[in-house]
Amino acid sequence: MRTNPVGTVTPRLGVDIGGLILKNPVMTASGTFGYGEEYAAYNDLNRLGAIIVKGLSLESRPGNPPPRIMETASGMLNAIGLENVGVRDFIREKLPFLRQFDLPVIANIFGETLDEYQKVAEILNRAKGVHALEVNISCPNVKKGGIAFGADPDMAAEVTRKVKGAVDLPVIVKLTPNVTDVAVIAESVEAAGANAVSLINTITGMSIDVERRVPHLKNVTGGLSGPAIKPIALRMVWQVARRVKVPVIGIGGIMNANDALEFLIAGARAIQIGTASFVNPRAVSDILDGLAAYLARHDISHINNLIGTLTGGEEC
Amino acid sequence: MRTNPVGTVTPRLGVDIGGLILKNPVMTASGTFGYGEEYAAYNDLNRLGAIIVKGLSLESRPGNPPPRIMETASGMLNAIGLENVGVRDFIREKLPFLRQFDLPVIANIFGETLDEYQKVAEILNRAKGVHALEVNISCPNVKKGGIAFGADPDMAAEVTRKVKGAVDLPVIVKLTPNVTDVAVIAESVEAAGANAVSLINTITGMSIDVERRVPHLKNVTGGLSGPAIKPIALRMVWQVARRVKVPVIGIGGIMNANDALEFLIAGARAIQIGTASFVNPRAVSDILDGLAAYLARHDISHINNLIGTLTGGEEC
Amino acid sequence: MGKSGSERMPCGEPYRSAVSCRVMENRRVAEGYFIMSLGLPAACDTPLPGQFVMLRAKGVQAPLLGRPLSVYAFKRGEKGATLEVLYKVAGTGTLLFSGLPDGGDVEVLGPLGGRFEISPGVKNVILVAGGVGVAPLSFLASHCRGDRADARPRITCYVGAGSADALVGLDRLEASCSDVRICTDDGSCGHHGLVTDLLEKDFNLLDSRDSVICACGPSAMLKRMAELLEKHTVACQISMEERMACGLGACLGCAVAVKAGDGGFRYRRVCKDGPIFDLRELIWER
Amino acid sequence: MGKSGSERMPCGEPYRSAVSCRVMENRRVAEGYFIMSLGLPAACDTPLPGQFVMLRAKGVQAPLLGRPLSVYAFKRGEKGATLEVLYKVAGTGTLLFSGLPDGGDVEVLGPLGGRFEISPGVKNVILVAGGVGVAPLSFLASHCRGDRADARPRITCYVGAGSADALVGLDRLEASCSDVRICTDDGSCGHHGLVTDLLEKDFNLLDSRDSVICACGPSAMLKRMAELLEKHTVACQISMEERMACGLGACLGCAVAVKAGDGGFRYRRVCKDGPIFDLRELIWER
Ligand SMILES: Cc1cc2nc3c(=O)[nH]c(=O)nc-3n(C[C@H](O)[C@H](O)[C@H](O)COP(=O)(O)OP(=O)(O)OC[C@H]3O[C@@H](n4cnc5c(N)ncnc54)[C@H](O)[C@@H]3O)c2cc1C
Ligand SMILES: Cc1cc2nc3c(=O)[nH]c(=O)nc-3n(C[C@H](O)[C@H](O)[C@H](O)COP(=O)(O)OP(=O)(O)OC[C@H]3O[C@@H](n4cnc5c(N)ncnc54)[C@H](O)[C@@H]3O)c2cc1C
Ligand SMILES: Cc1cc2nc3c(=O)[nH]c(=O)nc-3n(C[C@H](O)[C@H](O)[C@H](O)COP(=O)(O)O)c2cc1C
Ligand SMILES: Cc1cc2nc3c(=O)[nH]c(=O)nc-3n(C[C@H](O)[C@H](O)[C@H](O)COP(=O)(O)O)c2cc1C
Ligand code: FES
Ligand code: FES
């Protein structure tokens, strides 16, 4: 295990995510940091709060036909289609690399059925070097006619219970923004035992090539991420943080320390960096530095004294 | 009534919106074009497909305390709070100006109760020079604990029926994007008699001043509009256009003719220009010119031959 | 700032539009303060003191919205006109402006909004400028000079800034005003203290039917002035600031609260009903 | 393209990062085609033929993502190095690049991806360039020249473009190649027709164990080549293009379908597993 060579991790940044203690609140968002290897030459992985790996299913999945991505105004659409090596290959081929670091590994998981969720969770629970699970409930449940597990409070709770029942690891449930009231889903998974919730996953969008009159993505629709969605993500995090007691992890369009601070002030206990890593492979490190600098500049002794300290609004 | 001085309105652009015949599909979005006066020095209003005026309630409303707007990445948040002169003053003070033009006027209406919707609709139905109503069902129903009428299919249908029952004018129902499945709401208001649906209204978002730890908007949250939301709006329009038979009017982040074409190809019968008018007060005219140029360049004899002609996707 | 060539209104006038124009010079005049000169076509409208323009860097996607800047100077020349703005780097938009090279392209919408009104009888014009608030007031001062010599009022200008480095536009003010009184928060130039303190001292001189105060500055300064003027009757016009989207009165984004007849309040649009308001009309705390 | 100064890996190497560098020259070489020279720090890695960089204009918010461009030339100098890219204006990002002034700032990430592999035994290198596909091939040709004189393969280059105006980079190709054969779709220069037709004619010359084809161009060209080569055994490496987000292999956005052992397919990442692929490995229609 490598040690931190620069020592810029300040004790004032530590956070507790449903029993998982992180040295700071900066994590990588699933699907945007690979399995860590790709970014290890760009960042000292020992410094990160945690790494959340690309979503894992029971068997490997090829993903969707290309084109899979398209840039939009201040954002991007992706329809990767949850391509992944499968949970067993992950443990065999990817996890050993990550175990070298002083870095909590959070496995993002998904399934097409409740059983698949449970099985993936069980397998990971036995793996050495997995510190928590993040359950992606934003993928369509093929058995239920295309309605995502995450869009229904009862189904979301059911998935949560299944996964919780299968593991001793902390379980973070990752919520979809494509719902009428995300706080209702958050409350439901909290009641079902989730140790934390993370949000938001991507917002479904599309884009058309008007010269050829075809969608830019072969899959027609894709998930929108990046700065464009930040105001929506922030609003949802703020709504959820006022309704649940478990820690809330903020995700969506965080490009710099300022954006990260907005989420923390709105009530997020930690944050995840997604699309920003594509724009700047050192985004996670830069954001971490920026957070530390803000706390120092504002003389805030611990990040917990910043979290959820929004004041001054007058809701009408 | 003024005549069109340049004659660039080509017959190939005419569309039928639930019985209302427009000379072209380019309208102004409610709340972004005032009552027409502000933009009359910048655009020949006779050329527009229609004008949709700022939302009207039974009595005048002061709106929310400032700050009311904030720019975000490729978008803006607004919490105007439905400030308006009230339906009677509109008829007395604003409508006469609009009647000078060869321009269909669509009144955007909202209420805090079903009764208010009905009353506003009745008053407008008797006014000379109002050609259709657009019913904004995205505002919170204070009587029902903050849930928007538009987020519930049954309540959305109820508003639609009330308004339809009160008028002979074509009724367009304007849908909120802050829902799990916008097509369900669209189907519901179609069944309740809506002559057309328009979407999307703004997406709820927020933004924080991290130095002062206060929201940028006094109202904390506001509606996100502009290019940032275009992929989401386009996806919803595409989803709805496949599920309802009534015309669909596309709104959301349309900044130029290319954007407008995306919506038309996705199935929108007409489009509305909102935030773009703030960036370029001639946006509506420029977009109209661009649409005509596209049809000419692609040798498309009528815009109806373009609407809904998306091909080539492979949904997974 | 101009008109579109292609179409004409029934009256024969072309329709207006934002005008693309060139940055002739973009000069740093103090740390964080710049003066940008823009070359406008001859057909542009002549701005009046207190009016503003919405400025956007051309072809950029971000920021999306134009930024309101007061007219600092305007001059007609042989083939066109020159408009100057004096601005402070406050955030993304103004930072982008500050980096525009000479020869860069911007879009200008305007002139917009209302003007400072100095009625013919006025003998004393008192300007109160806080920081970059000097921009519209300097333009106003040069306008007063431009009127018939016998009708010219006496112009006294109070200028406040954080420190000597942030005192901008003094040269022009000095050319147009009878008297320029300076103060800085840190005492590095002129009076040590707030501009409103200096103003307070001179109050007996000011409070007259022949005087009018015109002010522009941070809202703390304007609020303090409102307190000062409570027990006086001298007229006071102020230039207000609020975030703007359209600049034309359509979006209702730039609301400020003013007193309504019934002791209540109503919102007015800074862009259309302002930016110049009667100081006593405004409600500072709601 | 470089390393960050502040932190070091356990091995003592600094961590990598995108490098800010200056546009030394951004020259239009034909209508819609530009060559941009970038000044890189001495510590940068040396790119290999076929590798690419992700380029972003510095400080702009749109476009968000970098744009992949092949390395067209690279030279180390006294104090640093110069990297050249040859690009065609295809949309928003490349349009923005084309407007960057000399002295402008860009961010460069790379060199990324794999290289064209010319094994020592190869006697004939056949390059097939469609349009701007000339960029990586020209760099490859200059590399082959750089090797030991006795080991140098013979390089023949087939270049296709829409018309004579769109033929770019010929000078350098001619300096590095034994033979440059030109064709244009409209016959305005060289052979009238597709580059693949010209190639087909020469096929008996090419199909040898000592030859390797390296190609880069529009997918229609590559597809046609795949058909041509079906009945031949000559090795063929191609540079593929797909939209990219990360350029590092993390996002899985740049997938292309290749044949899998079992007669099926699997996706490979252009940025990490490519951009150089064996032509015969690819699946063109799925
Ligand atoms: C009528 C009018 C005339 C103005 N004239 C001048 C002038 O001559 N010179 C000058 O330097 N500035 C002037 N301003 C202020 C100027 O418009 C803002 O500083 C500018 O819009 C900030 O944009 P930004 O993108 O740089 O900052 P942002 O990143 O948008 O914001 C930075 C800070 O400035 C505040 N701000 C943003 N927009 C405005 C606004 N419209 N008014 C006030 N504060 C704002 C924000 O709340 C934030 O605190 C004027 C404003 C108005 C309304
Ligand atoms: C490994 C690699 C090397 C490349 N080398 C060069 C080079 O040396 N010179 C050069 O001119 N171009 C090169 N390209 C293509 C170049 O990346 C695209 O033209 C560019 O990204 C288009 O960006 P844009 O914003 O200008 O266009 P956009 O507005 O994004 O799109 C315009 C059109 O280009 C297509 N396009 C967008 N991105 C890509 C992409 N990454 N690859 C292929 N097509 C794309 C779009 O589908 C669309 O049809 C390379 C691409 C790859 C993947
Ligand atoms: C290319 C890509 C792949 C993603 N893959 C996954 C995934 O496998 N599982 C998951 O839960 N979220 C996935 N996401 C969603 C991100 O983790 C994140 O929730 C979203 O991108 C919003 O954050 P951002 O705006 O910072 O990117 C993916 C996002 C992108 C852009
Ligand atoms: C300042 C502002 C005010 C608005 N007021 C209304 C309104 O009164 N009624 C309504 O139905 N929609 C209103 N909208 C929503 C717009 O009509 C439109 O649906 C939305 O802005 C999305 O389109 P855009 O991205 O093109 O702006 C308003 C939008 C803005 C930005
Ligand atoms: S900025 Fe739109 S009304 Fe003032
Ligand atoms: S661009 Fe991200 S994997 Fe290739």
Is there a donor-acceptor pair closer than 3.5 Å between any side-chain N or O of A:Y294 and the backbone N or O of B:V210?
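Yes.
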Has B:R213 got a side-chain atom pairing as donor or acceptor with A:T309's backbone, closer than 3.5 angstrom?
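Judged by distance alone, no pair lies under 3.5 Å.
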Euclidean distance, [Y] [atom2] relative to [X] [atom1], rounded to 0.5 Å:
X: B:T204; Y: A:L234; atom1: OG1; atom2: CG; result: 12.5 Å
X: B:S207; Y: A:R235; atom1: OG; atom2: CZ; result: 14.0 Å
X: A:I229; Y: B:I203; atom1: CD1; atom2: CD1; result: 10.5 Å
X: A:N219; Y: B:E314; atom1: CG; atom2: CD; result: 8.5 Å
X: B:I232; Y: A:L224; atom1: CD1; atom2: CG; result: 5.0 Å
X: A:W238; Y: B:T221; atom1: CH2; atom2: OG1; result: 6.0 Å

Measuring heavy-atom distances to chain A, does B:Q239 have an atom under 4.5 Å in its side chain, in its backbone, in both, or in neither?
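Contact with chain A involves no heavy atom of B:Q239 at all.
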Segment of B:A266 engaging chain A (4.5 angstrom heavy-atom cut-off)
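B:A266 touches chain A through backbone and side-chain heavy atoms alike.
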Heavy atoms of other groups near A:R243 CZ, more than 12 under 6.0 Å:
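Counting other residues, nucleotides and ligands, CZ of A:R243 exceeds 12 neighbours.
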Atom CZ of residue position B:R212 - does it have more than 12 heavy atoms of other residues, nucleotides or ligands inside 6.0 Å?
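Count not over threshold, so no.
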Among [options], single out the residue with the greatest number of heavy-atom pairs under 4.5 Å to chain A.
options: B:N178, B:T180, B:V214, B:T311; value: B:T180
options: B:G312, B:G222, B:P227, B:P215; value: B:P215
options: B:G313, B:G205, B:P231, B:A228; value: B:P231

If I measure from the heavy atoms of chain B, does A:L264 come under 4.5 Å with its side chain, its backbone, both, or neither?
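Neither; nothing under 4.5 Å.
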Side chain, backbone, both or neither: which part of A:L77 has a non-hydrogen atom closer than 4.5 Å to chain B?
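For A:L77, side-chain heavy atoms alone lie under 4.5 Å from chain B.
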B:M236 side chain near A:M206 side chain, heavy-atom distance below 4.5 Å:
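B:M236 does not reach A:M206 side chain to side chain.
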